[in-house]
2 protein chains.
Amino acid sequence: MRADAQRNYDRIVTAAADAIAHDGADASLEDIARRAGVGSATLHRHFPNRAALLEAVFHERIENVCGRARELTAGDDPYAALLAWLRELGAYVTTTRGLAASLLDGPHHSDACTVMLTSAGEELLLRAAAAGKVRADVSMTDLVTLVNAISLATEHSGPGETQRLLALALEGITPPGA
Amino acid sequence: MRADAQRNYDRIVTAAADAIAHDGADASLEDIARRAGVGSATLHRHFPNRAALLEAVFHERIENVCGRARELTAGDDPYAALLAWLRELGAYVTTTRGLAASLLDGPHHSDACTVMLTSAGEELLLRAAAAGKVRADVSMTDLVTLVNAISLATEHSGPGETQRLLALALEGITPPGA
DNA sequence: GCTGAAGTGGGGTGCCCCTCCGTATCGTAG
DNA sequence: CTACGATACGGAGGGGCACCCCACTTCAGC
């Protein structure tokens, strides 16, 4: 890739991150191009559609979360580690406007982001399941979908709501006693 | 309301229902007006924004679900009734493209639809909680939000996935034994 | 420096939401 | 049955959007 192309690519991603934080996932692409100081054609050449741009923007953030999964895997309480990671995932996704929407958008859930997340969390789930703390019919895809769904639904209700609903969904609605 | 206004109103709602079933919640308003055989101005006079139109389209459907809640309240197993109703709600919402999105869209969850649903299900929840089958800190708003979130997330994965994930969220991820 | 390839961005296209305003239609009062 | 005021209509147009085309500029190796 030529030096100027790389420079424009980076500028666009930075501008997109700003715009998305400000306007959400449906920020205007032309506005992003304007902020980045490039023509709209340049943006569309680097990123053929909105999803590609969002993926680039969130890639770094998602990698952080995946790194946390690897860190947590080292601990000795697999179930607690899994819960902690899902909580962190929910917090990340909710505070990053538009991430949940972009992760669930479109008919194909095979986005690079979703794949990264599920494979990063797989080990955590396997350990928790091996310890008998998680039902065997639960997949990492299920859990990531659940976290994303709740994050999306509570985007306008604050992070506390996200955590509360997530905990509810993970524990179930029946009382601890029965 | 004048007779022709009523006629156009009905035509628009019918056309909108068709268009939404075909294209999802972000169907073109101009296209809807065209299908209904009215000018776009007429559509915008009857429905000042997209949310208002969606509300009108889904109102009847939501009323059916609310009616089912009242029917189920009559049964003698409150917990089973609650679960059944949430399942039905999920099925309705998923099969009606765009309903979940419209229910969760916008910063205000005080849409008429959401209010109708929560108040309709309140009685079911109260009975199930009184029977000790549901945690006391769970509100009907939580449950409706959860169902909508899962429906939205699984819109592209088929109704089976919705039911599976919903069951998972209601039961929790821990195995029945421990 | 020269040159071909790679990259750029202004302008154009078509669609969108929404509004204005002259016109047609409705319901009623006479 | 007619005339009239209120109501509703829709074509036209403004502003914005995503996306594409192509004449032009910039880069990097010779």
Side-chain angles (χ1 to χ4, degrees), chain A residues 1-58 97-99 101-108 111, chain B residues 1-58 97-99 101-108 111:
Chain A
M1 188 186 261
R2 245 168 61 174
D4 54 346
Q6 181 68 52
R7 185 173 45 81
N8 280 335
Y9 182 98
D10 293 341
R11 282 187 182 178
I12 290 170
V13 172
T14 304
D18 287 354
I20 288 167
H22 194 265
D23 300 330
D26 51 354
S28 158
L29 298 184
E30 295 210 331
D31 185 49
I32 291 172
R34 236 175 287 129
R35 290 177 190 231
V38 302
S40 63
T42 300
L43 187 149
H44 283 281
R45 195 174 325 104
H46 283 294
F47 307 98
N49 50 52
R50 170 172 250 109
L53 177 57
L54 291 176
E55 206 170 288
V57 169
F58 295 132
R97 292 193 51 179
L99 220 188
S102 83
L103 286 176
L104 290 174
D105 212 31
H108 55 301
D111 318 68
Chain B
M1 187 187 262
R2 243 168 64 174
D4 54 345
Q6 180 68 53
R7 184 172 46 81
N8 281 335
Y9 182 99
D10 293 341
R11 281 186 183 179
I12 290 170
V13 171
T14 305
D18 287 353
I20 288 167
H22 195 265
D23 300 329
D26 52 355
S28 158
L29 298 184
E30 292 205 333
D31 185 49
I32 291 172
R34 236 175 287 129
R35 289 179 191 230
V38 303
S40 64
T42 299
L43 186 149
H44 284 281
R45 196 173 322 104
H46 282 295
F47 307 99
N49 49 51
R50 170 173 248 106
L53 177 56
L54 291 177
E55 205 170 289
V57 169
F58 294 133
R97 292 193 51 179
L99 220 187
S102 83
L103 286 176
L104 290 175
D105 213 29
H108 55 300
D111 318 69

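Reminder, nothing fancy here: chain letters follow the sequence lines and each chain counts from 1. Computed from a predicted model, the values in this text were never measured in an experiment.
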List for me each residue that meets salt bridge (Lys or Arg N to Asp or Glu O under 4.0 Å) alongside Asp23(B), sequence neighbours excluded, and say none if there are none.
none
Can you check the Arg11(A) CZ to dT8(C) C1' distance for me, whole Å?
13 Å
Report the distance from atom CG of Leu43(A) to atom C1' of dG9(C), rounded to the nearest whole Å.
12 Å
Interatomic distance, Leu53(A) CG vs dC17(D) P [rounded to whole Å]
15 Å
Using heavy atoms to find the nearest nucleotide of DNA chain D for Arg34(A) and His46(B) separately, return the residue whose nucleotide is more 5′.
His46(B)
Would you mind listing every ring-ring contact (aromatic ring centres under 6.0 Å, His included) that reaches into residues 1-23 of chain A, with sequence neighbours excluded?
Tyr9(A)-His46(A), Tyr9(A)-Phe47(A)
Who pairs with Arg45(A) by salt bridge (Lys or Arg N to Asp or Glu O under 4.0 Å), at least two apart in sequence or on another chain?
none
Sugar-phosphate or base contact per nucleotide [nucleotides 19-30 of chain C; S, B, -; heavy atom under 4.0 Å]
BB----BSS---
Which residues share a side chain to side chain donor-acceptor pair (under 3.5 Å) with Arg50(A), sequence neighbours left out
none
Heavy atoms within less than 4.0 Å of DNA chain D: which residues of residues 15-30 of chain A have one? Give them sorted by number.
Ala27(A), Ser28(A), Leu29(A), Glu30(A)
Enter the distance from Leu53(B):CG to His44(B):NE2 here, rounded to the nearest 0.5 Å.
9.5 Å
Under 4.0 Å: is that the gap between some side-chain N or O of Arg50(B) and OP1 or OP2 of dC16(C)?
no
Ile12(A) CD1 - dG9(C) C1' separation (whole Å)
12 Å
Interatomic distance, Phe47(B) CZ vs dC17(C) P [rounded to whole Å]
15 Å
Presence of Asn8(B) side-chain N/O under 4.0 Å of dA8(D) phosphate oxygens OP1/OP2:
no
When we call it a touch if two heavy atoms are under 4.0 Å apart, what does Asn49(B) touch: a base, just sugar-phosphate, or nothing?
nothing
Kindly compute the distance separating CG (Leu99(A)) from CG (Leu104(A)), expressed to the nearest 0.5 Å.
10.0 Å
Earlier contact from the 5' end, DNA chain D, for Ala5(B) and Asp31(A):
Ala5(B)
Taking the basic N atoms (NZ, or NE/NH1/NH2) and the acidic carboxylate oxygens, is any pair closer than 4.0 Å for Asp4(B) and Arg7(B)?
no
Measure the spacing between CG of Leu43(A) and CZ of Arg34(A) and express it to the nearest 0.5 Å.
11.5 Å
Spacing of Leu54(A) atom CG and Ile20(A) atom CD1 [to the nearest 0.5 Å]
4.5 Å
